[in-house]
Amino acid sequence: MEEKTAKSLNFIEEIIEEDLKNQVYDGRVHTRFPPEPNGYLHIGHAKSICLNFGIAKKYNGMTNLRFDDTNPVKEDVEYVDSIKEDIRWLGFDWEDRLFYASDYFNELYNYALILIRKGKAYVCDMTADEISETRGTLSRPGKESPYRNRPVEENLDLFTRMRNGEFPDGSSVLRAKIDMASPNMQMRDPVLYRILHTSHHRTGDQWCIYPMYDFAHGQSDSIERITHSICTLEFEVHRPLYDWLIREIGIYAPRQIEFARLNLSYTVMSKRKLLELVQEGKVTGWDDPRMPTICGLRRRGYTPEAIRNFADIIGVAKRDNVIDVSLLEFCIREDLNKRSNRVMAVINPLKVILDNYPEDLTEEMEAINNPEDESRGKRKVPFSRELYIEKEDFMEIPSQKYFRLSPGKEVRLRSAYIIKCESFVKDPSTGEITEIHCTYDPKTRSGMPESNRKVKGTLHWLSVKHAIKAEIRLYDRLFMKENPDEAVEGKDYKDFLNPDSLKVITGQIEPSILRANPGDKFQFERIGYFCVDKDSAGNNLIFNRTVTLKDSWVKIGKNQ
RNA sequence: UGUCCGAUGGUGUAACUGGUAACACAACUGACUCUGGAUCAGUAGAGUCCAGGUUCGAGCCCUGGUCGGACAACCA
């Protein structure tokens, strides 16, 4: 039986269900995701992708992928390839419906002709500056172009010649003839076509005039018979223009619905700023694990499932929002907790010597791969007389609530024995503790009856002679400020970059990870989730920290 | 100053479409635990931007404000 969770609809679903009920689009739901191939996709796009594909799926509809490639000077195939890869990775499929606005350049050109013939568009020879100056301001109407009333025949001739390449870039444009006094700036005779002697990544040198986004987007949706054009809030004021164009041209009209874009705390989301970070070397590239890009998150160790769940949880509405990164982190922890195998790794090693353990003995300790999933089985971890533990797991003078290792105290070694600290060696010049001497209790090996003895703390460990060295990249948030975009006098977002967003250290890991491949994800017990970086090769293992484990000890520490 | 949009705990989203504010994250307690993880139980936190109005009854409707956002590329 279908369990109706009665999950409330978001405002977009409400509109769609209303349309469905009223048979507005013959019961069809057809959405699209329309990126411009001028940058990499980020988590904000993921929200839109999940929305568009998710809604279509929910209502048995379809979703197209369409590249809005109307500006050849900014666009590139590198971006179309990455965008396709990222959408597929997120788990969505546009099947055979991959389109480009450039597929419609002919139709669009013909639409322009229709407008010209109706006297609704004209060729304007003013310079960009002149057009800008005569546009008026928010409170003052604009001035009409002296070319506004050119006869239809002249416009037709001029536009044809524009297309034929008779004029240089910038010499003239095609504009809609609407209303220079409109209170909506978008309606003040917007530019429809501009001259650009630039070859296009798909149409090559076929065209030297290109439609503006506003003249391509709505009509492209119309051509594809999109029912619901879901886009972000900034296009709300453009909607009257799209409606006008579609009405004047006389073609099918989709319904546009605007929603508030995603903002995430401690990062920036604008393509321009992300590009800047890449170009200025603030990060290593679009896929730097600190970037909020899809490829960055992927490299960081995020899973598509976690991102999809995140998109679902944050909801959709029209009010501006800033989602706390901790919610994203919650989503990835929740996912990785269930699916990643556990492994022991020591980030900051401190040597422990078991004085009563035989010199040459090596035991194989059986460790559970994932306590959340028995089917993941067990593995062997070598154990010997000299071990590494984490430096912070020993305290010479422990506080009340510290239940790790300290002089005279007992602690459990995960999947192994209970040990007791007998003494320690301190470097007299630095005061640094360099070595701990312990005894182990042979009757407390995991699984033995006496191992059930209550011991407060459990530590992860590594056998010194079996440990594998690996580079570990500890990532933290890219910005120190919750909202780096917030205007602060004399500063911009780059002044808030977190200098500690990446720490590279050499850590030690148990030998079982030698079989790991790039992309593999693990939980380093008691530390966090890590994944093998793509730079990792052979003996040169590299791990990225995806996210730390929740750690209530840090809080206790802070409060003391 | 113009047009459009928005306003609900710290954050985000709900509220059977007018019936007495809920869920998640975050925070805090405690239990349990061979991960100070996970899990479980619980606590605190908004009276819904303000002022009027309609109504037996308003977060939902109306009016007027306030605050915030978007729009003045030959960008998308």
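Per chain, numbering begins at 1; letters A, B, ... match sequence-line order. Quick caveat: nothing in here was measured; it's all calculated off a predicted structure.
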**Residue that, paired with A/R333, satisfies side-chain contact (heavy atoms from CB on, under 4.5 Å) out of A/T548, A/L549, A/T546** =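 Going through A/T548, A/L549, A/T546 one by one, the side-chain contact (heavy atoms from CB on, under 4.5 Å) with A/R333 is satisfied by A/T548 alone.
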
Which nucleotide wins on minimum distance to the side chain of [X], given the candidates [options]?
X	options	result
A/E236	B/rG36, B/rG2, B/rC4	B/rC4
A/V237	B/rA76, B/rC71, B/rU35	B/rC71
A/D68	B/rA76, B/rG2, B/rG12	B/rA76

[N] phosphate, OP1 or OP2, under 4.0 Å from [X] side-chain N/O:
X	N	result
A/T70	B/rA76	yes
A/R404	B/rG36	no
A/T137	B/rG2	no
A/K318	B/rG69	no
A/R194	B/rC75	yes
A/S552	B/rG37	yes
A/R261	B/rC5	no
A/K271	B/rA76	no

**Asked** Taking NZ, NE, NH1 and NH2 as the nitrogens, is one of them in A/E224 or A/R32 under 4.0 Å from a carboxylate oxygen of the other?
**Response** no

**Salt bridge flag under 4.0 Å for residues A/E36 and A/K74** =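 Looking at A/K74 together with A/E36, the answer is no, because their closest N to O distance does not fall below 4.0 Å.
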
Base, sugar-phosphate, or nothing: which does [X] touch, judged by heavy atoms less than 4.0 Å apart?
X	answer
A/E36	sugar-phosphate
A/H238	base
A/M126	base
A/M187	nothing
A/A128	base
A/S182	nothing
A/V455	nothing
A/F67	nothing
A/F235	base
A/E14	base
A/V173	base
A/P141	nothing
A/G447	base

Taking the same atom, [atom1], in [N] and in [M], what whole-Å distance lies between them?
N	M	atom1	result
B/rU20	B/rG64	C1'	27 Å
B/rA21	B/rG30	P	30 Å
B/rA46	B/rA22	P	12 Å
B/rG36	B/rU29	C1'	16 Å
B/rG9	B/rU48	P	10 Å
B/rC62	B/rA26	P	38 Å
B/rC49	B/rG42	P	30 Å
B/rG59	B/rG47	C1'	9 Å

Atom-pair distance ([atom1] on [X]; [atom2] on [N]), nearest Å:
X	N	atom1	atom2	answer
A/F403	B/rC32	CZ	P	12 Å
A/D189	B/rC71	CG	P	21 Å
A/R414	B/rG37	CZ	C1'	9 Å
A/I131	B/rC75	CD1	P	11 Å
A/Y213	B/rA73	OH	C1'	15 Å
A/K456	B/rC32	NZ	P	9 Å
A/R188	B/rC4	CZ	P	14 Å
A/R135	B/rC75	CZ	C1'	13 Å

**Prompt:** Would you say the side-chain atoms of A/D324 and A/S326 include a donor-acceptor pair closer than 3.5 Å?
**Reply:** yes

**Any donor-acceptor N or O pair under 3.5 Å, side chains A/Y417, A/D441** = no

**Prompt:** Sub-3.5 Å donor-acceptor pair from the side chain of A/N52 to the main-chain atoms of A/F33, do we have one?
**Reply:**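 Not at all, since once roles are kept as given, no pair shorter than 3.5 Å links the two residues.
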
**Prompt:** Do any of residues 319-338 of chain A sit with a heavy atom less than 4.0 Å from RNA chain B, and if so which?
**Reply:**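 Of all residues in residues 319-338 of chain A, the ones placing a heavy atom under 4.0 Å from RNA chain B are A/R319, A/D320, A/N321, A/V322, A/I323, A/D324, A/S326, A/L327, A/F330, A/N337.
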
**Asked** Do A/P37 and A/E75 have side chains that get closer than 4.5 Å, going by heavy atoms?
**Response**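 Yes. Closest side-chain heavy atoms under 4.5 Å.
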
So, does the side chain of [X] form a donor-acceptor pair with the base of [N] at under 3.5 Å?
X	N	value
A/Q186	B/rU3	no
A/E372	B/rG37	yes
A/R342	B/rU35	yes

Is the base of [N] syn or anti, if syn means a glycosidic angle within 90° of 0?
N	result
B/rU29	anti
B/rA44	anti
B/rG42	anti

**Message:** Both A/G315 and A/K454 contact RNA chain B. Which one's nearest nucleotide lies toward the 5' end?
**Reply:**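 Upstream on the strand: A/G315.
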
**Prompt:** Which atom names give the shortest non-hydrogen contact between A/M269 and A/L274, and what distance separates them?
**Reply:** O-CD1, 4.2 Å

Parallel under 30°, tilted from 30 to 60°, perpendicular over 60°: which one fits the rings of [X] and [Y]?
X	Y	answer
A/Y100	A/F67	parallel
A/Y193	A/F159	perpendicular
A/F99	A/Y104	tilted
A/H45	A/H42	tilted
A/W461	A/F383	perpendicular

**Message:** Tell me whether A/R379 at atom CZ has more than 12 heavy atoms from other residues, nucleotides or ligands lying less than 6.0 Å away.
**Reply:** yes

**Prompt:** If a stem is a run of at least 3 consecutive Watson-Crick or G-U pairs, both distances under 3.5 Å, which stems include RNA chain B?
**Reply:**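 Listed by first number, the stems are B:2-7 with B:66-71, B:10-13 with B:22-25, B:27-31 with B:39-43, B:49-53 with B:61-65.
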
